[in-house]
Enquirer: 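The structure under discussion is supplied below as structure tokens; questions concerning it will follow.
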Amino acid sequence: MDELKNPFAPGAGVPPPELSGRDKFLRHAEITIHRATEGRFGKSFIAIGLRGVGKTVVLNRVRRIADNYKCKSLMIEMHEDKSLAIILIPHIRKILLEFNSQNFITNAARKALRVLKSFINTVRIKYEDIEFSLDVDPQLGVADNNDIEIDLPDLFVAIGEAAKECNETIVIILDEIQYLAEKELSAIVMALHRTAQEELPILLVGAGLPLLVGKLGKSKSYAERLFSFPSIDALDKTETIKALNIPAEKGGACFTGEALNEIYNLTRGYPYFIQEWGYVCWNIASNSTIEKEDVKKSIPVVINNLDESFFRVRFDRLTKREKQYLRAMAELGEGPYRSGDIAEILEVQSQKLGPCRSSLIAKGMIFSPSYGDMSFTVPLFDQYMKRTMSFSLWQEPD
């Protein structure tokens with residue numbers, strides 16, 4: 001098989017050749033965005049899913065939809081080591097400057113720039129090495145309290161009023177929202193609550209790990225009414241077959257039924273793994289018919305690829321204690337895992353594991369699907385842990 005013509009595309013955030021199983025989500029996004037552009041209420045929504053299910057890919061499609069409806073869209077990825085304010089400022093600045101470069105400059109757009117200047121000045125207090133250029137006077141008394149839960153709603157109202165006066169709709173697209181601090185999440189919720197109450201054309205579309213729902217509920221009790229939380233899950237068997245067959249057929253190849261069944265069993269329908277297996281199987285196959293034997297030959301290659309990239313990049317961020325905790329989870333088989341069972345297998349009191357468990361949740365490695373339970377956020381990570389390290393009892397630090 002010609003590797004240059006290989007249609008499969010394994011990679012973080014890389015669009016697959018066939019985006020299977022996401023039609024319902026994208027239709028919901030299109031209706032919501034279209035309603036917002038028509039001045040009708042559009043409920044902001046946040047996609048929830050594990051690593052490797054394609055959340056970033058669907059967010060990029062949402063941005064394309066927003067652009068098709070002539071919205072002002074911001075595509076922003078959250079980071080563990082950057083504040084929400086620092087990440088938002090340059091994107092908001094860009095939009096407001098675009099408003100002010102149109103044929104007419106509105107009073108609301110001028111005011112929004114002054115409010116942004118006030119917001120920037122408060123951020124400088126906390127981050128002295130940060131510099132943003134905006135040649136306007138600040139709007140005194142607005143967004144200048146040095147409290148993001150007060151200032152961000154003021155800023156969102158100002159840019160929402162500017163957008164409404166300019167007949168624009170702003171779609172803010174946030175990826176990896178679970179990295180936001182609790183107060184930042186609260187500020188986002190409060191800001192969107194204000195703009196919804198005042199019927200301003202700002203819509204948020206986001207994505208995050210399953211732990212995000214609990215964090216949002218904890219930050220503000222009304223968050224669950226303000227957002228909808230559609231799930232981005234693994235593909236079912238039909239969707240998996242479609243994700244493999246359509247690209248292969250366009251490239252002049254095909255999978256046998258047995259090969260497709262084997263890949264589905266190996267990947268469990270997770271999109272990132274499907275792309276890896278499709279890519280390697282294409283390269284291994286000796287002719288245009290990819291058979292079950294080709295899939296079996298691909299296993300060590302794919303496992304090595306996943307271990308060296310998808311899994312290892314997360315494994316290397318962990319401390320020794322955190323790795324030991326995850327290895328104990330893997331020892332218990334498939335999850336979810338009771339916290340008490342993890343402590344029991346490690347032969348340690350459950351409360352001693354609390355700090356380690358909290359750290360793993362903060363790093364986005366595990367989440368609690370229900371009270372007292374733990375699950376991996378990375379599919380098949382239990383198998384990786386077993387391949388990578390041996391199980392050992394809990395060890396106190398030296």
Side-chain angles (χ1 to χ4, degrees), residues 13 15-16 18-49 53-77 88 91-92 94-99 101-104 106 108-109 112 153 155-177 188-208 212-213 216 222-233 239 242 271:
E18 173 62 28
L19 187 56
S20 177
R22 305 302 182 223
D23 293 346
K24 183 178 179 180
F25 177 90
L26 294 175
R27 178 61 180 159
H28 172 70
E30 183 168 7
I31 291 171
T32 304
I33 291 170
H34 193 180
R35 284 177 57 85
T37 62
E38 296 289 331
R40 298 181 179 90
F41 174 71
K43 191 174 185 180
S44 293
F45 58 98
I46 298 174
I48 301 298
V53 294
K55 298 188 298 296
T56 302
V57 170
V58 296
L59 287 186
N60 278 307
R61 288 293 182 94
V62 169
R63 182 176 189 178
R64 191 181 303 175
I65 292 169
D67 291 345
N68 288 341
Y69 281 97
K70 310 301 181 184
C71 300
K72 298 291 186 184
S73 60
L74 316 177
M75 183 75 180
I76 308 170
E77 181 180 347
L88 279 179
H91 295 277
I92 293 175
K94 179 176 181 290
I95 280 184
L96 293 180
L97 290 176
E98 287 177 358
F99 287 167
S101 66
Q102 295 174 358
N103 294 332
F104 61 94
T106 69
L155 177 60
F156 270 41
V157 167
I159 64 176
E161 289 174 344
K164 189 172 185 177
E165 199 163 298
C166 292
N167 197 29
E168 299 276 8
T169 299
I170 297 175
V171 180
I172 302 174
I173 304 171
L174 299 183
D175 200 2
E176 304 284 10
I177 302 183
I188 282 281
V189 173
M190 294 171 70
L192 289 166
H193 195 209
R194 281 275 302 279
T195 56
Q197 289 174 323
E198 300 189 26
E199 299 181 305
L200 298 174
I202 296 181
L203 183 69
L204 183 139
V205 181
L212 178 60
V213 178
L216 278 166
Y222 56 81
E224 292 184 9
R225 301 192 300 274
L226 187 64
F227 299 98
S228 58
F229 298 95
S231 295
I232 302 292
D233 296 320
E239 293 163 346
K242 185 179 177 182

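This is a predicted model, so every value here is computed, not measured. We're numbering straight along the sequence, starting at 1.
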Enquirer: Applying side-chain contact (heavy atoms from CB on, under 4.5 Å), name anything that partners Thr56, two or more places apart in sequence or on another chain.
Expert: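 Partners of Thr56 under the side-chain contact (heavy atoms from CB on, under 4.5 Å) test: Asn60, Asp175.
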
Enquirer: What residues form a side-chain contact (heavy atoms from CB on, under 4.5 Å) with Arg225, not counting sequence neighbours?
Expert: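 side-chain contact (heavy atoms from CB on, under 4.5 Å) list for Arg225, sorted by chain: Tyr222.
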
Enquirer: Could you work out, with side-chain hydrogen bond (donor to acceptor under 3.5 Å, both in side chains) as the rule, every residue matching Glu176, not counting sequence neighbours?
Expert: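 So Glu176 forms a side-chain hydrogen bond (donor to acceptor under 3.5 Å, both in side chains) with Arg51, Gln178.
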
Enquirer: For the residue pair Gly42 and Leu203, what are the closest heavy atoms and their distance?
Expert: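 Shortest heavy-atom separation between Gly42 and Leu203 comes out as O-CD1, 3.2 Å.
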
Enquirer: Give the table of side-chain donor-acceptor pairs shorter than 3.5 Å for residues 21-33, with sequence neighbours excluded, one pair per line with atom names and distance.
Expert:
| from | atom 1 | to | atom 2 | distance (Å) |
| --- | --- | --- | --- | --- |
| Arg22 | NH1 | Asp233 | O | 3.2 |
| Arg22 | NH2 | Val53 | O | 3.0 |
| Arg22 | NH2 | Asp233 | O | 2.7 |
| Glu30 | OE2 | Tyr69 | OH | 2.9 |
| Thr32 | OG1 | His28 | O | 2.8 |

Enquirer: Go through the structure and list residues passing salt bridge (charged side-chain N to carboxylate O under 4.0 Å, His left out) with Glu198, not counting sequence neighbours.
Expert: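 Salt bridge (charged side-chain N to carboxylate O under 4.0 Å, His left out) list for Glu198, sorted by chain: Arg194.
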
Enquirer: For Ala158, give me all partners under side-chain contact (heavy atoms from CB on, under 4.5 Å), at least two apart in sequence or on another chain.
Expert: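 Scan of Ala158 (side-chain contact (heavy atoms from CB on, under 4.5 Å), adjacent residues dropped) gives Ala112, Val115.
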
Enquirer: For the residue pair Ile65 and Val171, establish whether any side-chain heavy-atom pair is separated by less than 4.5 Å.
Expert: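 No; the side chains remain at least 4.5 Å from each other.
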
Enquirer: Tell me, do Leu216 and Ile46 make a side-chain contact under 4.5 Å, heavy atoms counted?
Expert: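 Heavy-atom side-chain distance check passes, below 4.5 Å.
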
Enquirer: Who passes side-chain contact (heavy atoms from CB on, under 4.5 Å) against Ala191, sequence neighbours left out?
Expert: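 Ala191 satisfies side-chain contact (heavy atoms from CB on, under 4.5 Å) with Leu152, Pro153, Phe156 only.
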
Enquirer: For residues Ala207 and Leu59, report the shortest heavy-atom separation together with the two atoms involved.
Expert: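 Shortest heavy-atom separation between Ala207 and Leu59 comes out as CB-CD1, 3.6 Å.
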
Enquirer: Is there side-chain contact between Ile159 and Ile95, with at least one heavy-atom pair below 4.5 Å?
Expert: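 Counting from C-beta outward, Ile159 and Ile95 never come under 4.5 Å.
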
Enquirer: Is there a donor-acceptor pair under 3.5 Å between the side chain of Lys55 and the backbone N or O of Ala47?
Expert: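 No, because the side chain of Lys55 does not come within donor-acceptor range (under 3.5 Å) of the backbone of Ala47.
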
Enquirer: Under the rule for side-chain hydrogen bond (donor to acceptor under 3.5 Å, both in side chains), what residues qualify as partners of Arg61, not counting sequence neighbours?
Expert: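 Per chain and number, Arg61 pairs via side-chain hydrogen bond (donor to acceptor under 3.5 Å, both in side chains) with no residue.
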
Enquirer: Which residues pass the salt bridge (charged side-chain N to carboxylate O under 4.0 Å, His left out) test with Lys70, sequence neighbours left out?
Expert: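 For Lys70, no residue satisfies salt bridge (charged side-chain N to carboxylate O under 4.0 Å, His left out) once neighbours in sequence are set aside.
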
Enquirer: With Lys43, which residues qualify under side-chain hydrogen bond (donor to acceptor under 3.5 Å, both in side chains), at least two apart?
Expert: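 Partners of Lys43 under the side-chain hydrogen bond (donor to acceptor under 3.5 Å, both in side chains) test: none.
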
Enquirer: How far apart are the C-alpha atoms of His34 and Thr37, what are their side-chain angles, what is the distance that settles it, and do they pass the side-chain contact (heavy atoms from CB on, under 4.5 Å) test?
Expert: CA-CA 5 Å; His34 193 180; Thr37 62; 3.7 Å; yes

Enquirer: Is Ser228 reaching over with its side chain to a backbone N or O of Phe45, donor-acceptor style, under 3.5 angstrom?
Expert: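 Checked: no pair found.
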
